[in-house]
Amino acid sequence: MAASRMDLDGRPIKPITICMIGAGGFIGSHLCEKLMSETPHKVLALDVYNDKIKHLLEPDSLPWAGRIQFHRLNIKHDSRLEGLIKMADLTINLAAICTPADYNTRPLDTIYSNFIDALPVVKYCSENNKRLIHFSTCEVYGKTIQSFLPKDSPLRQRWSYACAKQLIERLIYAEGAENGLEFTIVRPFNWIGPRMDFIPGIDGPSEGVPRVLACFSNNLLRREPLKLVDGGQSQRTFVYIKDAIEAVLLMIENPGRANGHIFNVGNPNNEVTVRQLAEMMTKVYTKVSGESALETPTIDVSSKEFYGEGYDDSDKRIPDMTIINKQLGWNPKTSLWDLLESTLTYQHRTYAEAIKKSMAKPTSS
């Protein structure tokens, strides 16, 4: 397998060691799967939790045994981080706080997680001449010009996440310009699929408000109306996680084409309003679950009621694919209906298994 694999310019792909920070999360787990099943590369998987990659770590008889090592650590205060980056050829940083409700209620934590905590990663990669693929966000684009806030609007803490991500992007770019850091920046546009974060209390934290698709999934699973914030008029695109991981693998294995670039990774063909998304998810869930839709499938709520005082949002978020098309020749394939069907089938099964398990627990006398 390894000997026959070629990069986009027809050169043999050499095995490398990858230090993946945040390997235990949604994106990390799918990327680890791809690397183990289709490449000869080794992975040093760093995270606080490993629930989503346990199937890759056990047992020792797996065909990739020895090519993935899990290191339980928090990058905030762990002296092992620099040593692990030194051991690798490439570092991929996926670590972040990226839950919208936190941007308002925990702005300091959001800024620390997405900027301050990422500084040592950039520093160690630059000082040790290690390549870096850093995950940013499509939220750095902010709002479209027609949606600028009126002059009397309150301070918007919601942009703490986007600003922190934009600043670390600028720092990485400066390290490349002044110190020769080889880097690629990824701006994901709503990556969706099995194991996505989160079904509150089932495969993720029990507190906090997740992103829109996870919110809607949670409502459907609990047979609650889907909550449309401010009428659900914001526009979004969604890309299937497996399509997106294909793009990341191209970045990993084609450094000559990826270094120094910022790539939007999304699917502009899957554009819908949030209201349209709610309607489609209701139809898909009815199909995969066999349950009838609620008489009142959606309700309108204000952003203040849903997220808290001072929340703000992008009205339209559609990726420009020009650079990734030109450099890597990548295009997503999966339709919105198909990615929703895959995601909701997984979540319906996971939720049912969790409920069954909780009911089987013995009660204390």
Side-chain angles (χ1 to χ4, degrees), residues 25-26 52 97-105 139 158 188-241 270-309 311-315 317 334-359:
F26 165 53
K52 294 180 181 180
I97 285 180
C98 51
T99 304
D102 290 336
Y103 310 160
N104 254 16
T105 58
E139 295 202 16
R158 187 260 185 273
F189 281 71
N190 296 309
W191 295 12
I192 303 302
R195 297 197 297 272
M196 64 176 287
D197 304 331
F198 49 72
I199 308 169
I202 302 296
D203 68 348
S206 57
E207 297 179 357
V209 180
R211 293 177 179 272
V212 61
L213 198 138
C215 281
F216 286 171
S217 298
N218 189 41
N219 294 145
L220 289 166
L221 290 164
R222 300 178 191 276
R223 294 195 61 76
E224 300 169 348
L226 279 61
K227 296 177 180 178
L228 299 177
V229 177
D230 295 337
Q233 295 308 305
S234 295
Q235 291 171 274
R236 295 290 182 269
T237 62
F238 299 89
V239 65
Y240 191 41
I241 183 65
N270 286 344
E271 179 186 359
V272 286
T273 65
V274 172
R275 181 176 290 277
Q276 289 169 333
L277 175 68
E279 292 167 354
M280 185 180 288
M281 287 184 70
T282 300
K283 291 176 183 176
V284 174
Y285 187 73
T286 298
K287 177 186 175 184
V288 302
S289 68
E291 301 172 6
S292 59
L294 298 177
E295 285 189 22
T296 306
T298 63
I299 56 173
D300 287 355
V301 297
S302 69
S303 55
K304 180 180 179 181
E305 179 185 352
F306 194 74
Y307 288 113
E309 183 70 44
Y311 185 80
D312 194 21
D313 204 359
S314 302
D315 58 319
R317 207 178 287 160
T334 309
S335 70
L336 182 57
W337 179 278
D338 288 345
L339 74 84
L340 289 176
E341 188 169 355
S342 172
T343 303
L344 289 171
T345 298
Y346 169 84
Q347 291 183 330
H348 180 255
R349 185 180 68 248
T350 302
Y351 187 71
E353 289 170 354
I355 295 298
K356 186 177 179 181
K357 195 177 293 183
S358 67
M359 292 176 67

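- Considering only heavy atoms from C-beta on, L226 stays 4.5 Å or farther from P297 through its side chain.
- Once rounded to the nearest 0.5 Å, the distance linking OG1 of T343 with CD1 of I241 reads 9.5 Å.
- What you find for K227 and N219 is that their closest heavy atoms are N-OD1, 3.6 Å.
- Here the side chain of N270 pairs a donor or acceptor atom with the backbone of F238 at under 3.5 angstrom.
- Atom CG of L213 and atom CG of L344 lie 7.0 Å apart (nearest 0.5 Å).
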Working for side-chain contact (heavy atoms from CB on, under 4.5 Å), residues F216 and L228: CA-CA 9 Å; F216 286 171; L228 299 177; 3.7 Å; yes

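- Not counting sequence neighbours, the partners of E291 by the salt bridge (Lys or Arg N to Asp or Glu O under 4.0 Å) test are R223.
- Between T345 atom OG1 and L340 atom CG the span is 10.0 Å, to the nearest 0.5 Å.
- Contact of the L221 side chain with the Y285 side chain is registered, since non-hydrogen atoms from C-beta on lie closer than 4.5 Å.
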Derivation and outcome, side-chain contact (heavy atoms from CB on, under 4.5 Å), residues S302 and D230: CA-CA 5 Å; S302 69; D230 295 337; 4.1 Å; yes

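- Within the model, atoms CD of Q347 and OG of S289 stand 12.5 Å from one another, a figure rounded to the nearest 0.5 Å.
- The side-chain heavy atoms of W191 and M196, taken from C-beta on, include no pair separated by under 4.5 Å.
- For T334, the side chain to side chain contact (heavy atoms under 4.5 Å, CB included) partners are Y240, D243, D338, L339, not counting sequence neighbours.
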Sequence neighbours left out, cut at 3.5 Å: what donor-acceptor pairs do the side chains of residues 275-284 make with other protein atoms?
residue	atom	partner	partner atom	Å
R275	NE	G231	O	3.3
R275	NH2	G231	O	3.2
R275	NH2	D300	OD1	3.2
Q276	OE1	T273	N	2.9
Q276	OE1	T273	OG1	3.4
T282	OG1	A278	O	2.8

